[in-house]
Structures are given as structure tokens and as C-alpha cells.
Amino acid sequence: MSAAIKGPSLTLKAREAISGWLFVSPILTGFMIFFVGPLIAVFYYSTTEWNLLSQQSHFVGMENYVDALTRNDTFWDVLVNSLIFAAGLVPLNMLLALGLALALSRSIRGAVFFRTVFFAPVITSAVAWAIIWTFLLQHESGAVNRALSVIGINGPNWLHEPHWAMASVIFTRVLKTVGLNMILYIAALQSIPRDYTEAARLEGANGWEIFRRITWPLLAPTTLVIMVITVVGSLKVFDHIYLMTGGGPQNATLVLAFYIYEQGFKFFNTGYASALAVILFVLILALTILQTILKAARK
């Protein structure tokens, strides 16, 4: 027989599907290896008592979770610190970002320069930013207290007094991250059709009424995105705490992400640290879902 026997040919839809899967397979493989795999491993390690140094582990079930939630008072102090940090950072960050966006979204002289100034800390190294502010907030030789002394104010030891350390870290973190939210708000403001505001002005609406009835409702989707990003970032903050306060003084700035690091890589309680990481994951997931539901309910 001169003619070769041909198998059934693939349909166009099947060939397109195979091509699509081949194109996404590198990303999908990386996602499975570097995200799904570690996530499953953390859930597994959280059910074990595992010492990172001895590499000895045994299954303990939910014991690590019980220890964290019912037997370890430090965990609840750490959780409260994390929520205080988020409660202080999120509204301050968003209000400042919105105010800057409203001021710099207009066609005014120097707007581009000031946008650059406020956005520059976002791309600045977090390590360099934290170290610089650590020097600025020193008790006697810091530039902040020197400036306050000029006007007759004796500044506190910002990073070494429990009542001031958390506020100091929140303030410096806001200055570091507010530029990103400002840019997002500026983009949202510039996407609002001018016809809406011009029509409102013709009807006699003042600036506050235009903002409350037109601008703010149209910013709702962007506000949700910014809120989720800011809340997640505030709950997993690590670099500022590590570099500026180390969780002190007197555990006043010991937040959950830093506490996980201490348990896992300082005390080598890998199983307990994994359980804490799962709790942090569940907390962030719950808050994200709650914010989405609340925003949807307001529509």
C-alpha cells in the first residue's frame, strides 16, 4: 500500500486548546512549584512538632493551633499589635493618599515634581529607608528631636519608648508607601469624565457636594483595591519592624509576621511558626473577603 494510514486529525478547537496550555505551562508550573507546593507544605508542617536544627519532627495534629490560641498569651499580644498597626496605618495612608491625589491631579504648576517626590519612597530600598529613619529618630542626636528643640519641645526617645515606638513605625511606613496609593487615586480621578463635574457646577453644586455625590462614589472600585492592598501590606509588615525596633521595646511593636520569623528562625520552632503563618493567611483572607462584601453591600 502506497498511502500511509492516517490517524484521526485534531479539530481546530482542540489544537487551540493544546497551544494555549503549552503557552501557559511555564507560568502554571512555576505557580505550582513556588506557591501551591509551599502552601501545602506549610499546612502540613503546622501539624507537626519540628525543630529546624535537629530536623526531628512528629505529627501533633492541631496542637500548635491550640497552643497559639489558648495557651500562649504572647500570641494575643502580638495579634493586638498587628491590628493596632493596621488600624493606624490603613486610614492614615488612604486619607493622605486621597488628599495628595486631589491636590496633584489638577493641572497646576509643579504637580509632576511633587508627584515624583511623594512616589520616590515607594521605589527606595526599604532597608535604606528604615536605617535613615532610625538615625533621624534617635533621642539626642536625631534630626527630628533637634528640630523640635528649636521650638522648645523635648522630643521623646521615639524607638525606645513603648508608647512612641509603634506610632513611629506606623508614621515612617505611611511615608514609605503612600506614594503608590496616591498614583492609583490620581489615575482614578483622571478617568472620571469632566462632563459630570461640569454639569454639577452648572446646577449650583459646590466643591464638597461634587466630591461627596460624584467623585467619591466613582472612586469606590479604586478605594476597594487600595484598601485590600494596604491592609494586606500592613498585616505582613516585617522589614520596618526588623530594622527599626526588632519587635521592641517590651514587645510593643512585635507584630505577627516578625513573631513568625522569630519562632521559625530564631527559636527554630518550625511547626509552631508554620501554624502562625496559617493563622496569618486565614486572617488576611477573612479581612479581604469582608472588605469585598462590605463594598458590594454599599452598592
Side-chain angles (χ1 to χ4, degrees), residues 85-138 141-148 150-151 155 158-159 166-198 201 207-208 210-212 214-245 257 291:
F85 184 89
L89 183 140
V90 173
L92 182 60
N93 190 310
M94 294 183 65
L95 287 173
L96 182 58
L98 180 59
L100 291 172
L102 290 171
L104 300 178
S105 61
R106 305 171 185 175
S107 299
I108 58 175
R109 196 169 186 176
V112 175
F113 170 76
F114 286 107
R115 290 179 195 175
T116 305
V117 169
F118 286 110
F119 186 75
V122 177
I123 58 176
T124 302
S125 167
V127 175
W129 182 264
I131 291 175
I132 288 172
W133 274 102
T134 300
F135 283 108
L136 292 176
L137 293 173
Q138 287 182 352
S141 59
V144 173
N145 279 353
R146 285 187 176 183
L148 291 175
V150 173
I151 57 176
W158 299 98
L159 300 178
M166 179 65 80
S168 301
V169 176
I170 290 173
F171 176 75
T172 56
R173 185 72 176 182
V174 167
L175 294 182
K176 176 74 171 65
T177 58
V178 72
L180 176 60
N181 292 342
M182 176 195 70
I183 293 298
L184 293 175
Y185 268 131
I186 288 176
L189 286 169
Q190 292 179 344
S191 68
I192 297 175
R194 293 185 178 179
D195 297 344
Y196 295 168
T197 56
E198 290 175 358
R201 287 194 181 96
W208 169 247
I210 292 174
F211 174 78
R212 185 168 62 92
I214 298 176
T215 305
W216 180 244
L218 292 176
L219 289 177
T222 303
T223 300
L224 175 61
V225 172
I226 289 175
M227 186 180 296
V228 170
I229 293 174
T230 309
V231 169
V232 171
S234 66
L235 287 176
K236 63 176 188 173
V237 63
F238 171 80
D239 45 8
H240 271 62
I241 301 298
Y242 179 79
L243 293 166
M244 295 185 70
T245 64
Q291 291 173 73

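Minimum interatomic distance between A101 and Y185 (heavy atoms only, all atoms of both residues): CB-CB, 3.4 Å. Nearest approach of F85 to S234, heavy atoms of both residues: CD2-O, 3.4 Å. Contact record, R106 with A111: O-CB, 4.0 Å, taken as the closest heavy-atom pair. The heavy-atom pair separating G233 from R173 by the smallest distance is O-NH2, 4.3 Å. Scanning all heavy atoms of the two residues, the minimum distance from A86 to L235 falls at CB-CD2, 4.1 Å. Contact record, P217 with R212: CD-O, 3.4 Å, taken as the closest heavy-atom pair.
R201 has its side chain within reach of T197: a pair of non-hydrogen atoms, C-beta onward, lies under 4.5 Å apart. Taking 4.5 Å as the limit, some side-chain heavy atom of L159 sits within range of a side-chain heavy atom of T134. L175 has its side chain out of reach of T172: every pair of non-hydrogen atoms, C-beta onward, lies at least 4.5 Å apart. Between L219 and L98, some side-chain heavy-atom pair lies under the 4.5 Å cut-off. I192 places a side-chain heavy atom less than 4.5 Å from the side chain of L189.
Under the 30°/60° scheme for interplanar angles, the aromatic rings of W216 and F211 are found to be tilted.
Interatomic distance, CG of L104 versus OG1 of T116, reported as 10.0 Å (0.5 Å rounding). One distance of note links OH of Y196 with CD1 of I214; it measures 9.5 Å at 0.5 Å rounding. Considering CE of M182 and OG of S105, their distance stands at 10.5 Å, rounded to 0.5 Å. Atom CG of L137 and atom CG of N145 lie 8.0 Å apart (nearest 0.5 Å). Atom CG of L100 sits about 8.0 Å away from atom CD1 of I186, to the nearest 0.5 Å. Atom CG of residue L92 and atom CD1 of residue I170 lie 8.5 Å apart, to the nearest 0.5 angstrom.
Around the CZ atom of F238, the shell of radius 6.0 Å holds more than 12 heavy atoms that belong to other residues, nucleotides or ligands. Heavy atoms of other residues, nucleotides or ligands lying less than 6.0 angstrom from CZ of F119 number more than 12.
W129 and D239 are not linked by any side-chain donor-acceptor pair at a separation below 3.5 angstrom, with hydrogens and angles left out of the test.
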